[in-house]
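For reference, the structure is listed below as structure tokens.
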Amino acid sequence: ITHKGTKNKEVLDIINVATKIHHARVLAMLPANLGYPESMKKHFMAVFKNVATKIKIFSRDQLKKKGFNLILSVGDSATNSHKPLLMTIERLVKNPKKTICFVGKGITFDSGGINIKTGTGSDIEKMKYDKIGAIYAAYAMLHLIQDPRFDKFLCKQNLMPWLDVVKNFGEILTQIG
């Protein structure tokens, strides 16, 4: 999407939003061999590289130490080497007027799991879309950070886990919080 030199602010705003929507949709469509936890982390580290944000990545060991057992139960069932991670992004702003928090789930699909989705409209191949919540939340946050009308808003994206699908259905798990 290009603007061919236009200086019309409304047109540039529309192009900016449309570009973010396009990038989010392309990322959401990635198959499991390209859209796995580490690739999502790398993508969003690059997207927010030149944006005034603080990004925290919680590794598997850190998640275990903090008691995020449900996240780990999902991630530990992966049949490949993809490790679960939790990513938080926080805008760096002094004296914010308001705080906006985006929460998005980002579960990448691991076809090694058990298909518990049965019946009409429960196509397992659509599980690759389980990462859309985190993707859209991140791009919405990016848009607000880049929009000068929101320059005094503290934007946070919390609980953006990148995981693979659970298959240990008989276990009883506990979770912090």
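Just so we're clear, the structure is a prediction, and the values are computed from it rather than from any experiment. Values below: every heavy atom of this structure, side chains too, minus hydrogens, waters and symmetry copies.
In this structure, CD on E10 lies 11.5 Å from CD1 on I15, to the nearest 0.5 angstrom. Atoms CG and CG, on D147 and D13 in that order, are 6.5 Å from each other to the nearest 0.5 Å. I89 contributes atom CD1, which lies 4.0 Å from atom CZ of F48 (distance to the nearest 0.5 angstrom). In this structure, CG in D61 is found 9.0 Å from CG in L63, a value given to the nearest 0.5 Å. Atom CG of residue L34 and atom CG of residue L27 lie 10.5 Å apart, to the nearest 0.5 angstrom.
Here the shortest heavy-atom pairing between L144 and R91 reads O-NH1, 4.1 Å. Considering every non-hydrogen atom in both K41 and M87, the closest pair reads O-CE, 3.9 Å.
Grouping the Ile, Leu, Val, Met, Phe, Trp and Tyr side chains by contacts below 4.5 angstrom, directly or via other members, places F102 apart from V17. Residues I135 and I21 do not share a hydrophobic cluster, clusters being chains of Ile/Leu/Val/Met/Phe/Trp/Tyr side chains in contact below 4.5 Å.
Other members of a hydrophobic cluster containing I14 are absent, since no ILVMFWY side chain comes under 4.5 Å of it, directly or through relayed contacts.
Within the 3.5 Å criterion, the main-chain N or O of S59 finds a donor-acceptor partner in the side chain of Q62.
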Result block: side-chain N/O donor-acceptor pairs under 3.5 angstrom for residues 50-58, not counting sequence neighbours:
residue: T53; atom: OG1; partner: V51; partner atom: O; Å: 3.3

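Within 6.0 Å of the NZ atom in K20, the count of heavy atoms belonging to other residues, nucleotides or ligands exceeds 12.
In this structure, H23 and Y139 have parallel ring planes: the angle between them is below the 30° cut-off, well short of the 60° mark.
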Derivation and outcome, side-chain contact (heavy atoms from CB on, under 4.5 Å), residues L30 and M40: CA-CA 10 Å; L30 288 177; M40 295 290 119; 4.0 Å; yes
